Amino acid sequence: MSLAEFALIDRIRARTRARADVVLGIGDDAALLQPRGNEQLVVTADTLNSGVHFPAETPAFEIGWKTLAVNLSDLASMGARPAWCTLAMSLPSTEPAWIDAFADGFFALADEHDIVLVGGDTTRGPLSLSVTAMGQVSAGHALRRDAARVGDDIWVSGTLGDAAGALRLWQQGRLDVAVVADDPDLEALRQRLLCPMPRVKLGQRLRAYAHAAVDISDGLLADLGHIAARSEVAARLEVDTLPMSSALRNALGRDDARDCALRGGDDYELCFTAAADQRDALHALAEALSLPLTRIGRITTGQGVHGDDLPNADGYEHFVLQ
Ligand code: ADP
Ligand code: MG
């Protein structure tokens with residue numbers, strides 16, 4: 001490892017906060033962590049490659065934010081409390097300004113959710129960021145994909161399709177992801193693509209109400225399809241009830257907006273199932289968190305995802321950038 005790489009690690013280490021359960025953080029061959037006695041470890045990893053998972057011209061702050069956000073979203077969907085993470089970086093160069101802006105985005109989100117960076121790896125190569133995130137949940141209480149029950153309502157948080165809408169606009173040359181957009185609708189969509197909000201608080205609160213949960217990274221149809229498959233049930237969507245932002249409708253029109261809401265990835269909202277007698281509690285929770293929760297269908301016997309007017313339900317499309 002070159003001196004530049006040590007300087008880079010020091011620059012990142014200087015941004016990390018303390019946590020009582022980190023016995024040894026960055027600086028040794030490995031970290032030492034002290035999990036709570038009666039809790040299970042929840043572990044997830046996700047990699048973002050430049051030009052594949054984000055447009056190459058994405059600013060460094062937003063790359064840092066999103067690198068952690070997609071991992072926090074996986075912890076959220078399990079109902080876990082975030083605790084620790086590692087960061088493996090493949091970097092074409094070690095520009096201090098780029099590293100600092102990346103760290104600004106990464107640690108803004110890390111500090112908000114009390115997740116501490118305890119180690120990682122730094123190599124030279126095409127721009128690629130890989131995080132392993134760890135959280136904790138009381139034994140047996142994690143939210144899983146395989147726990148939906150026939151008769152459950154299907155719910156979703158926030159609005160759907162905004163990130164995919166931004167990506168389509170970028171692909172059509174109507175949105176520059178690198179600069180603030182003048183049009184407030186376009187700017188709202190750009191933010192949803194670049195700075196997704198992992199629903200960490202919601203996930204933890206849902207442990208009391210939900211049966212199954214998944215985060216929407218590959219699109220509602222695909223991710224709800226995972227719940228259906230793993231739970232050995234069918235999901236029946238009321239497509240007209242899908243929550244969509246006015247920004248998405250204004251920018252794309254009704255049909256494209258709906259297509260983004262159904263099949264677009266990168267929203268990082270939570271989709272979950274809960275018994276019908278939890279409706280009042282979930283509406284109260286939505287109010288308490290100032291986050292819309294919308295009932296979008298029911299779990300039935302059978303398999304797959306169904307709905308009136310559902311276009312091409314099995315043609316899941318991943319929004320992979322070319
Ligand atoms: P080793 O060669 O033993 O794997 P390194 O010299 O690569 O260790 O790393 C030194 C320390 O810096 C280790 O504690 C490692 O976890 C940490 N580290 C390396 N890169 C990063 C990074 N990008 N973010 C956070 N910690 C890092
Ligand atoms: Mg070593």
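Ligands are counted one by one from 1 in listed order, and the atoms in each one are counted from 1 as well. Just so you know, these numbers come straight off a predicted model, no measurement behind them. Every heavy atom of this structure was used, including side-chain atoms; hydrogens, water molecules and symmetry mates were not.
- Interface of Leu117 with ligand 1, defined as ligand atoms under 4.0 Å from a residue heavy atom, comprises 24 (N), 25 (C).
- Here Asp28 has backbone heavy atoms under 4.0 Å from ligand 1, and that is the only part of it that gets that close.
- The environment of CZ in Arg144 is sparse: at most 12 heavy-atom neighbours from other residues, nucleotides or ligands sit within 6.0 Å.
- Around atom 16 (O) of ligand 1, the closest heavy atom drawn from Gly120, Gly27, Cys85 belongs to Gly120.
- Near Gly119, meaning under 4.0 Å from any of its heavy atoms, are these atoms of ligand 1: 16 (O), 24 (N), 25 (C), 26 (N), 27 (C).
- Close approach to Met89 involves these atoms of ligand 1, each under 4.0 Å from a residue heavy atom: 23 (N).
- Under a 4.0 Å criterion applied to the non-hydrogen atoms of Asp121, ligand 1 contributes the atoms 7 (O), 19 (C), 20 (N), 21 (C), 22 (C), 23 (N).
- Evaluated by nearest non-hydrogen atom to atom 24 (N) of ligand 1, the leading choice among Leu129, Leu87, Thr86 is Leu87.
- Leu252 has its side chain within reach of Leu169: a pair of non-hydrogen atoms, C-beta onward, lies under 4.5 Å apart.
- Across Ala163 and Arg192, no two heavy atoms sit closer than the pair CB-O, 3.9 Å.
- Residue Thr122 approaches ligand 1 through these ligand atoms, each under 4.0 Å from one of its heavy atoms: 19 (C), 20 (N), 21 (C), 22 (C), 23 (N).
- Between Ser245 and the options Asp185, Asp162, Asn250, a side chain to side chain donor-acceptor pair (under 3.5 Å) holds for only Asp162.
- Salt bridge absent: Lys201 and Glu112 never bring a charged side-chain N and a carboxylate O closer than 4.0 Å.
- For Arg17, the salt bridge (Lys or Arg N to Asp or Glu O under 4.0 Å) partners at least two apart in sequence or on another chain are Asp111.
- Residue Ile26 has at least one heavy-atom neighbour below 4.0 Å for each of these atoms of ligand 1: 12 (O), 14 (O), 17 (C), 25 (C), 26 (N).
- In this pair, Trp155 and His283 present their aromatic rings perpendicular. The plane angle is above 60°, beyond the 30 to 60° band.
- Only side-chain heavy atoms of Ile9 come within less than 4.0 Å of ligand 1; its backbone N, CA, C and O stay farther off.
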